[in-house]
Amino acid sequence: MIERCHGDTRPQAGPRARTAIVLAAAALLAATGAAFLPGTASAGTTLGASAAEKGRYFGTAVAGFKLSDSAYTTILNREFNMVTAENEMKIDATEPQQNQFSYGAADQIVNHARSRGMSVRGHTLAWHSQQPGWMQNMSGSALRQAMLNHVTQVATHFRGQVVAWDVVNEAFADGSSGGRRDSNLQRTGNDWIEAAFRAADAADPNAKLCYNDYNTDNWTHAKTQGVYNMVRDFKSRGVPIDCVGFQSHFNNDSPYVSNYRTTLSSFAALGVDVQITELDIQGASAATYRSVVEDCLAVARCNGITVWGIRDSDSWRASQTPLLFNSNGSKKPAYDAVLAALNNGTTPPTTAPPTTNPPTTAPPTTAPPTTAPPTTPPPGSGCTATLQDSTRWGDRFNSLVTVSGASNWTVVVAVTPPQKVSNTWNGSPSWDSSGNVMTMRSNGSGNVFGFTTMANGNWSRPQVRSCTAS
Ligand code: XIL
């Protein structure tokens, strides 16, 4: 894995890679049964210990003012081995006046966590939101300089204390554009994101540097593809990025989708770690929480999950009761589902996508085009199926088919010999005698199914033959 490109001539891989080694060592410790972190209880009975057994962490957002609430800290200290400050490391908190830095509340959280063996994710160095007034009023090169100074100062203060930074948060637009969000930072020039990453890298070479965003869970969404293309570009040009955070605030407007695993594995195939950074699920469906955990466990480079608060009453969306503990601190069914999923390890269905198969060191040779020309929909028979190119590796490629107009459907797809479909997900497949024509039936997993085609030298796109509602 080549990640370094800023003139580090030491024979050992550079600082970015050193962090990977440290984390790998921690994972090895965990895998051998040793305690991952002293702050966790016995393996298999808490979120943190169970995640550590799988070489991962389980974290929560922490609000500093709640550290005096013993019911809160009892759960925090028992269950979690990673902490994100919910607000205390944001720009308005750490630099309330220009060049006057204020770290008291953040330091309190960091000290609470680290003294108990928990790790800390830093959140966040550059963001359009929660800016102090002085920054909101800045623009142009003065703002660019102020932003870079902020990144440098804050990353330097916490150097050695945070394992990962959300260097840039929420820089992409919602909707169909797939482009950047307008903001005062964006208006300083499109290169503001990579400038922030380079400044963070210089200030804390050992922290993992992440891009973090929301509504990037659905692989077919333009915003997801926009972020994917940026990360692919950064990796190809050597911009120091190590990880992508998926906030994963799931609710009725932005629900969990079954192609989430495809999203995680596709980003991971670019050569970055992926982390679920702010998980909450409206209504806290146990089945959905389980799916999220299983999706992470199925992707080798998904190395941790953080929920955005402990009890429902701690949530920024408390009325949605989206967390793992009731307001009285008792475990909800979603907690049991998460713990069971962590302890069971990878339990993907037999038709799961090959998320762990593609070599993580080999980024896909082509990106899924953001404007993939859809195949012409076949003649109508109650539904429409649209095929989209997805991740491509050296010997195989993935395709996603989105069905509209029916929830129970049968889609016929043909590949071109000597191509062979090697894997499918989110549907029940059957085959004609040639093995080249696949009939996929809905199986309750939603309206997007996927499959992997072994190219065998032929890279032509599979054809949707028909879509039939049933
Ligand atoms: C939220 C906090 O939970 C709230 O307390 C605060 O009022 C607003 O910010 N995306 C992020 C988080 O990256 O920082 C946000 O946290 C939630 C959405």
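Atoms within a ligand are numbered from 1 in the order they appear, just like the ligands themselves.
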Name each donor-acceptor pair under 3.5 Å that joins a side chain in residues 319-327 to protein atoms two or more places apart or in another chain, with its distance.
unit_1 : atom_1 : unit_2 : atom_2 : d
Asn326 : ND2    : Ser330 : OG     : 3.1
Ser327 : OG     : Ser313 : N      : 3.4

Notebook entry, point to check: Going by heavy atoms in the side chains, are Asn149 and Glu95 under 4.5 Å from each other?
Noted result: yes
Notebook entry, point to check: Between Phe267 and Phe246, is the gap from one ring center to the other below 6.0 Å?
Noted result: yes
Item checked: Close residues, ligand 1: non-hydrogen atom nearer than 4.0 Å -> Glu86, Asn87, Lys90, His123, Trp127, Gln130, Asn169, Glu170, Gln247, His249, Glu278, Trp308, Trp316
Note to self: With salt bridge (Lys or Arg N to Asp or Glu O under 4.0 Å) as the criterion, how do Asp204 and Arg159 come out once you've worked through the C-alpha distance, each side chain's angles and the decisive distance to 0.1 Å?
What the structure shows: CA-CA 5 Å; Asp204 188 351; Arg159 180 164 53 204; 5.7 Å; no
Next item on the list: Not counting sequence neighbours, which residues clear side-chain contact (heavy atoms from CB on, under 4.5 Å) with Ala105? List them please.
Entry: Glu88
Margin query: Restricting to side-chain contact (heavy atoms from CB on, under 4.5 Å), what partner residues turn up for Ala202, sequence neighbours left out?
Written below: none
